[in-house]
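Report on the structure given below.
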Amino acid sequence: MKSVSKHLQLLRPTWSYFFSSLASPSNEPASRLLNLCYQRDLPRAMSLLDGMEKRGIRADAITYSELIKCCLAHQAVTQGRRIHHHIFSTGYPPQTFVINTLLNMYVKFNLLEEAHTLFDEMPERNVVSWTTMISAYSNAKLNYRAMRLLVFMFREGVMPNMFTFSSVLRACERMCHLKQLHSCILKVGLESDVFVRSALIDVYSKLGELMEALNVFREMVTADSVVWSSIIGAFAQHSDGDEALYLYKSMRRVGFLADQSTLTSVLRACTSLSLLELGRQVHVHVLKFDQDLILSNALLDMYCKCGSLEDAKFIFNRMAKKDVISWSTMIAGLAQNGLSMEALNLFEFMKVQGPKPNYITILGVLFACSHAGLVNEGWNYFQSMKNIYGIDPGREHYGCMLDLLGRAGKLDDMVKLIHKMNCKPDVVTWRTLLDACRAHQNVDLATYAAKEILKLDSQDTGAYVLLSNIYANSKRWNDVAEVRRAMRVKGIRKEPGCSWIEVNKKIHAFILGDKSHPQIAEINGQLNQFISKLTGAGYVPDTNFVLQDLEGEQREDSLRHHSEKLAIVFGIMSFPREKTIRIWKNLKICGDCHIFAKLIAKLEQRYIVIRDPIRYHHFRDGVCSCGDYW
DNA sequence: GTAGGGTTAG
């Protein structure tokens, strides 16, 4: 008996199908259609649909939904429009669910106008219809339209859900709107939804309100790895690497696993803090995602910015896929690390084998020319960017060209270019001119440039300091006193030079005049010994870089304790000879420290890398990668 | 049927 009932059970669907097809014979093609959709057989499904249309047969909502999925899988726009036509031609009013599916199809095909027309014609729009359109506009960065739709949605009395809020938040550009949205989210009790939460964190961060982002994060009762990634990314993008790394450690401690996005932000934090050793540890976790282009680019950038070009080249060469960012990162990385010719060769190779260069690629190329003193090549590349790639030069490109001319001492050409620029000169423009005037001892032009800077920003420390140094170099002590008086009156102080070095996973900071380091006496003693040894070998301190109008020994004394010298000596004391000494600092290296680093690298047979806010110096065997041109 | 986080310069 048991086996008979088992057989009957097996037969039951067949019988029910038989009876149902007797009762409604027109359903049979619809079921066949659904099967074809499941098989993703679009041609046969479409021909069946044509037959159904002629006989006035319609399918159910699930079948239409599957048919549209089939079109999306085949990227078949024409067939999608045919289905749209069919749904409205059978004489039955389509369900909202079915129209929403069509709406979604047009959005996925990036046909927003067609989607919007259909949306306008819908007899009834539910929360999914509204959210589909809002999300489409947010994705397309048509933020105003997305926000406006939310208002219309409220007016029609449709309540947004968590999908709506996480979509519309991305379109929010103003703090007042964000505050309103946030209140609304709290009011309807959606703040614990992880999608809404991560979107809130992201928008607060994009609008520069990091503390608000942190508040949203801290108030959470719910979390997932994306919420963690959002807050880590927020700090990493705002150059607060310390907080980003602290949050990453907390994330690991509470048991969440880092994925590609998290690791990308963590690498960015390592990059901003120049933490090569930590970066290498993160690299181990990155290995399991080696197909992820964004993550690989972040890794490449980390090695470039931490001054380890061997690792950067290794990563670049074995990346299976490279995009314009990979190429631009490598070109700029080579240029910033003093390998200008390699950077330009790579750019030539990119022109043949790589993607089309963009605005940032050209910046790296011009930077390479500027730091190698290649004036003619720089001009050629500058002109070709518009002619060949259709890229209009921006403020940064002009900046590189001015830098190039300035380093080569072509001050008149600099002034001509400033007047020809298609944008108004800003503080950076004038500072480049001022810097060139200092290097080439042009006091009158320097005064002009400094005044232009102070017209734009009366508190600009750099202008005062550079002007003071220029006067000091020309021994115009009265003018120096005048500049310093102005600085005192306005309460402007020179930013103290600061250098950092990582020893045994600890960051050691050295600030000019600061004696707080526990080993400072030992470091100073060692430094004095080195200076004596170097002086015996012909080292003469270059006092052109002292702000104060001091004379003789006092001027040397001030230079003697520049933070990078202390960091170098500490590095020598802490590391074995074969370990690279890596230092990063907040200001550009001065000429005297540059000479000192070259000589000490030779004397002690050390490899020293110093990263300043713009570029890198690799000191080895008495020479620097910048070729003394920075 | 509708949703969230990541890369190059400055």
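Naming convention: chains lettered A, B, ... in sequence-line order (proteins, then strands); numbering from 1 in each chain.
- At a non-hydrogen distance threshold of 4.0 Å, A:Asp259, A:Gln260, A:Ser261, A:Thr262, A:Thr264, A:Ser265, A:Arg268 from residues 248-272 of chain A come into contact with DNA chain B.
- If you check every strand for non-hydrogen atoms under 4.0 Å, A:Thr131 touches a base.
- Across all strands, A:Lys322 comes closer than 4.0 Å to no nucleic acid atom at all (heavy-atom distances).
- Checked for salt-bridge contact, A:Glu113 and A:Arg145 meet the test: a charged N lies under 4.0 Å from a carboxylate O.
- The interatomic distance linking A:Leu363 (CG) with B:dA9 (C1') rounds to 5 Å, in whole Å.
- Among the nucleotides B:dT8, B:dG4, B:dG5, the one closest to any side-chain atom of A:Phe195 is B:dG4.
- Contact annotation: side chain of A:Asp193 to base of B:dG4, donor-acceptor pair absent below 3.5 Å.
- Put simply, CG on A:Leu150 is 16 Å from P on B:dA3, counting in whole angstrom units.
- For the residue pair A:Thr96 and A:Ser129, the shortest heavy atom distance occurs at CG2-OG, 4.1 Å.
- A:Arg170 comes within 4.0 angstrom of the backbone, heavy atoms only, and of no base.
- When the side-chain nitrogen and oxygen atoms of A:Thr329 are compared with OP1 and OP2 of B:dT7, none of them lie within a distance under 4.0 Å.
- Side-chain contact between A:Trp130 and A:Asn126 is absent, with no heavy atoms from C-beta onward closer than 4.5 Å.
- For A:Ala199, counting side-chain heavy atoms from C-beta on, the closest listed nucleotide (B:dG4, B:dT2, B:dA3) is B:dG4.
- A:Asp202 places no side-chain N or O within 3.5 Å of a backbone atom of A:Ser205 that could act as its donor or acceptor partner.
- Of the candidate nucleotides B:dT7, B:dA9, B:dA3, B:dA9 has the atom lying nearest to any side-chain atom of A:Tyr359.
- One can place CG of A:Asn358 at 14 Å from P of B:dG10, the figure rounded to the nearest angstrom.
- If you check distances only, the side chain of A:Ser229 does reach the base of B:dG5 with a donor-acceptor pair under 3.5 Å.
- Geometrically, A:Arg611 does not engage A:Tyr616 in a cation-pi contact, judged by NZ or CZ lying under 6.0 Å from the ring centre and within 45° of the ring axis.
- The distance between the ring centers of A:Tyr248 and A:Trp228 does not fall below 6.0 angstrom.
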Before giving the answer on side chain to side chain donor-acceptor pair (under 3.5 Å), spell out for A:Asp323 and A:Asn297 the whole-Å C-alpha distance, their side-chain angles and the decisive distance to 0.1 Å.
-> CA-CA 9 Å; A:Asp323 65 359; A:Asn297 285 342; 3.2 Å; yes
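- Atom CG in A:Asp292 sits roughly 9 Å away from atom C1' in B:dT7 (whole-Å rounding).
- Separating the CE atom of A:Met319 from the P atom of B:dT7 is a distance of 14 Å, rounded to the nearest angstrom.
- Look at CD1 on A:Ile201: it is 10 Å from C1' on B:dG4, rounded to the nearest Å.
- A:Ser166 contributes no side-chain N or O that forms a donor-acceptor pair with the base of B:dG4 under 3.5 Å.
- Summarising the geometry, the separation between CG on A:Leu334 and P on B:dT8 is reported as 17 Å, rounded to the nearest angstrom.
- For B:dT8, the OP1/OP2 oxygens have no side-chain nitrogen or oxygen of A:Lys305 closer than 4.0 Å.
- For A:Arg125 and A:Phe119, the positive end sits near the middle of the six-membered ring, less than 6.0 Å away and at most 45° from its axis.
- Each of B:dG4, B:dG6, B:dA3 was ranked by its minimum atom distance to the side chain of A:Ile294; first place goes to B:dG6.
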Verify side chain to side chain donor-acceptor pair (under 3.5 Å) between A:Asp435 and A:Thr432, making sure each step is shown before the conclusion. CA-CA 5 Å; A:Asp435 216 9; A:Thr432 310; over 6 Å; no
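- Side chain of A:Ile360, nearest nucleotide from B:dA3, B:dT8, B:dG5: B:dT8.
- At a threshold of 4.0 angstrom between heavy atoms, the contacts of A:Val194 include nucleobase atoms, whether or not backbone atoms are also involved.
- A donor and an acceptor atom sit less than 3.5 Å apart, one in the side chain of A:Asp224 and one in the base of B:dG4.
- Residue contacts shown for A:Val107 are absent, as no nucleic acid heavy atom lies under 4.0 Å away.
- Nearest nucleotide to the A:Ala298 side chain, out of B:dG6, B:dT7, B:dT2: B:dT7.
- Here A:Asn297 does not reach the OP1 or OP2 of B:dT8: none of its side-chain N or O atoms lies under 4.0 Å away.
- Rounded to an integer number of Å, the gap from A:Phe217 CZ to B:dG5 C1' is 12 Å.
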